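First up is the structure itself, then whatever we jot down about it.
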Amino acid sequence: MNILLLGSGGREHAFAWKMAQSVHCDQLFIAPGNAGTSAFGTNVDMSVTDFPAIRQFCVEQQIGLLVVGPEEPLVKGIVDYFNANPVGDMPVIGPARYGAQLEGSKAFAKAFMERHGIPTAAYREFDGNNFEEGIAYIRQHALPIVLKADGLAAGKGVLILNNREEALLEFEQMIMQGKFGDASKKVVIEEFLDGIEMSVFVLTDGKNYVLLPSAKDYKRIGEGDTGLNTGGMGAVSPVPFADTLFMDKVIDRIVRPTVAGLQQEQIDYKGFVFVGLIKVNGEPMVIEYNCRMGDPETEVVFPRLKNDLVELLLAAGRQRLDAVTVVFDERVACTVMAVSGGYPGDYQKGKPIYGLDLPVPAESLVFHAGTIYRNGMTVTNGGRVLCVTSYADTIRDAVLKSTAVLEKIQFEGKYFRKDIGYEFK
Ligand code: AMP
Ligand code: GLY
């Protein structure tokens, strides 16, 4: 069948790489894609939120499966649009708008967890109507205190504050001055959880689910987890501390109740649930939900997935995940992201990338993120430029293999962390 994938990051390169291996994949299209995805299909110059154009393309190219990579089209209702304007029996992988609020609204996600007894930090939500109560709440709250813009804020909407005056000021700026635009008209205030984070990936059809390999990403720009937050500088899978005992708790207390909650509330959800969680005194607590795969986690999760991904996605679309068993590669996979100089602050684009034609060892994979093919050259086109995933028996060896490949790929301003997985080495 013909498949259309929406998105342009390293995540989408990993999706394209994996789906192109499927016996079910005839023609693969990626909109808009990047310089890497074009090795596995045809890039299409189309916005991921132009639903009528996407639908017309699906009709013209006889697309049999539509896979949505990023959250924005989901939160904006792409699934609802195709429910109202179907293209034959083509499934769209992702939740409808209501369910996408698990990511699109922190208050929605917290209330969902509360309804289903899913462990998470204690919280309250505030907006312009109960602003003064919010001020009083902050005055008596323990420090550090966590303020979260309710809506999507490009990964910037969470503030962890150690100073009460600063927390009061930020709260006022978020609600009254639209610090994060409409996203911060409502604010969730929650208790700070101290522990180690990891990500769990679930594919659900709204009734059944399969658990994909788990992963840990490294969000900070600097080695030793210092400096500003980024979209993710690397990832490892599996997560060493997520042993069977811990994962059993995650499944019992978080994954099962989440899927049961979706079903019980009749939420139209055929797609990925990405659970960001934190291990606090040995117990898992949910930090956030996302309604899509993670980036760069996908770049280590899919390489460890032995199943045919298209088959898994079709099973999700047709509510047949009960008939699927997921098989993992036992090896470790690590990915290391190379970014543009200055990222996550200002950075330049359009820098030529050299060395992409050099042979890559059999146990390494190069996934493009912010790259574009222009005038016969691949050039940088974003903050996160490309990542290298490697398999090995240990995290240390996998990271060494990835960094060795990254040393040979050159672009002006290139930077990457050499210490991905450092706490497990
Ligand atoms: P979120 O967008 O909700 O994932 O938050 C971004 C990051 O903020 C998370 O990955 C955590 O590192 C941190 N964070 C969010 N909520 C909490 C919390 N309640 N306690 C401690 N850290 C948190
Ligand atoms: N790497 C974190 C995310 O995709 O949200």
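Only this structure's heavy atoms are used, side chains among them; waters, hydrogens and symmetry mates stay out. Being a predicted model, the structure only gives us computed values, none of them experimental. Just so you know, ligand 1 is whichever comes first in the structure, and atom 1 is the first atom listed for that ligand.
- Gln101 places a side-chain N or O within 3.5 Å of a backbone atom of Tyr98 that can act as its donor or acceptor partner.
- Across Arg292, Met337, Glu71, Lys219, heavy-atom proximity to atom 3 (C) of ligand 2 is greatest for Arg292.
- Residue Phe274 approaches ligand 2 through these ligand atoms, each under 4.0 Å from one of its heavy atoms: 3 (C), 4 (O), 5 (O).
- Listed for the Arg304 side chain is no donor-acceptor partner under 3.5 Å among the backbone atoms of Ser214.
- Any N or O atom pair closer than 3.5 Å counts here, and Leu193 shares at least one such pair with ligand 1.
- Distances from atom 2 (O) of ligand 1 to the heavy atoms of Glu191, Lys106, Lys148 show the closest one on Lys106.
- Looking only at atom types and distance, the side chain of Asp217 has no donor-acceptor partner in the side chain of Ser199 under 3.5 Å away.
- Note that the NZ atom of Lys414 and the CD atom of Gln410 stand 4.0 Å from one another [nearest 0.5 Å].
- The shell of residues lying under 4.0 angstrom from ligand 2, judged by heavy atoms, includes Gly294.
- The pair Glu103-Arg292 meets the salt-bridge criterion, with a side-chain N (NZ, NE, NH1 or NH2) lying under 4.0 Å from an Asp/Glu carboxylate O.
- Taking the ring centre of Phe241 as origin, the terminal cationic atom of Lys279 falls outside the region bounded by 6.0 Å and 45° from the ring axis.
- Scanning the protein heavy atoms around atom 2 (C) of ligand 2, the nearest turns out to be Asp217 OD2, 3.4 Å.
- Residue contacts with ligand 2 include Gly231, since one of its heavy atoms falls under 4.0 Å from the ligand.
- Considering Ile160, Leu159, Leu152, Ile189 only, the shortest heavy-atom separation from atom 14 (N) of ligand 1 involves Ile160.
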